[in-house]
Amino acid sequence: MTVLRRLVLVLALVLAPIGCSAAREPVPSPQVTGTPFNTTDVAWLQLAEALHTRTQPLLELASERAGSRSLAELAGRLGEAHEAGRERLRTLLVRAGGGGENPHAGHDMPGMPTAQDLEQVTGLRDDAFDRRFTELTRSYLEQLVLIANGERGSGGAAEVRELAGAMSRTHAAELAQLQQITAP
């Protein structure tokens, strides 16, 4: 049973005795749209898409600025995989009715490189770039795992929860790869 249907059932059970005790105007019943998406689904899709979008320029910088070839290669793989992930997120977002302007696109949020971060890292090369890139990418991946796990626990649409589960596992594996590459 969906969360919305449970809410309607609970409201009906709670309000039924009240409606029977006095003559009142009929109260319109809540509209059930039949959509499996809830607000958590939409919020997660928007947040994950905004994180991927904001981090893409950082990942692209690694090919020309990283001192570590392994780090540059990881950034390239992340960029390609996360771009494909963005497409999946956008597709589901449109189906969930959350298409259009992403309200999180202009915000600075945990895990999201700021304009200042991107400007700073653009001026770095080799080891200095690698250190800052690693910090920013680790924060980004950790945030993606955190919000994906939140969706898995509170999302309404099974398809979105499944995508969040897959992304959580993928991003956790990417974190492990980042750790392995950057371990002393």
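Here, residue 1 is the first one in the sequence, and each next residue gets the next number.
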Donor-acceptor pair, [X] side chain versus [Y] backbone, under 3.5 Å?
X	Y	result
Arg161	Asp41	no
Asp108	Thr114	no
Asp130	Ser68	yes
Arg54	His107	yes
Ser63	Glu60	yes

[X] side, atom [atom1]; [Y] side, atom [atom2] - distance, nearest 0.5 Å:
X	Y	atom1	atom2	value
Thr134	Gln179	OG1	CD	9.5 Å
Arg69	Leu74	CZ	CG	13.5 Å
Leu58	Thr137	CG	OG1	4.5 Å
Asp117	Leu136	CG	CG	5.0 Å

Shortest non-hydrogen pair, Pro110 vs Gln143, comes out as O-CG, 3.1 Å
Provide the closest heavy-atom pair for Glu151 versus Ala157 in the form atom of the first, atom of the second, distance.
OE2-O, 4.5 Å
Distance-only polar pair, side chains of [X] and [Y], donor-acceptor under 3.5 Å:
X	Y	value
Glu174	His171	yes
Asn149	Ser168	yes
Thr91	Glu87	no

With a 4.5 Å heavy-atom cut-off, do [X] and [Y] have their side chains touching?
X	Y	answer
Thr55	Met112	no
Leu92	Trp44	no
His104	Glu49	no
Met167	Arg88	no
Arg95	Glu159	yes
Leu61	Phe133	no
Leu178	Leu71	yes
Leu175	Glu142	yes

Report the residues that fulfil salt bridge (Lys or Arg N to Asp or Glu O under 4.0 Å) with Glu135, sequence neighbours left out, ordered by chain and then residue number.
Arg132
How are the rings of Tyr140 and His52 set to each other: parallel, tilted or perpendicular (split at 30° and 60°)?
perpendicular
In terms of heavy-atom contacts, does CD of Glu119 have more than 12 from other residues, nucleotides or ligands at under 6.0 Å?
no
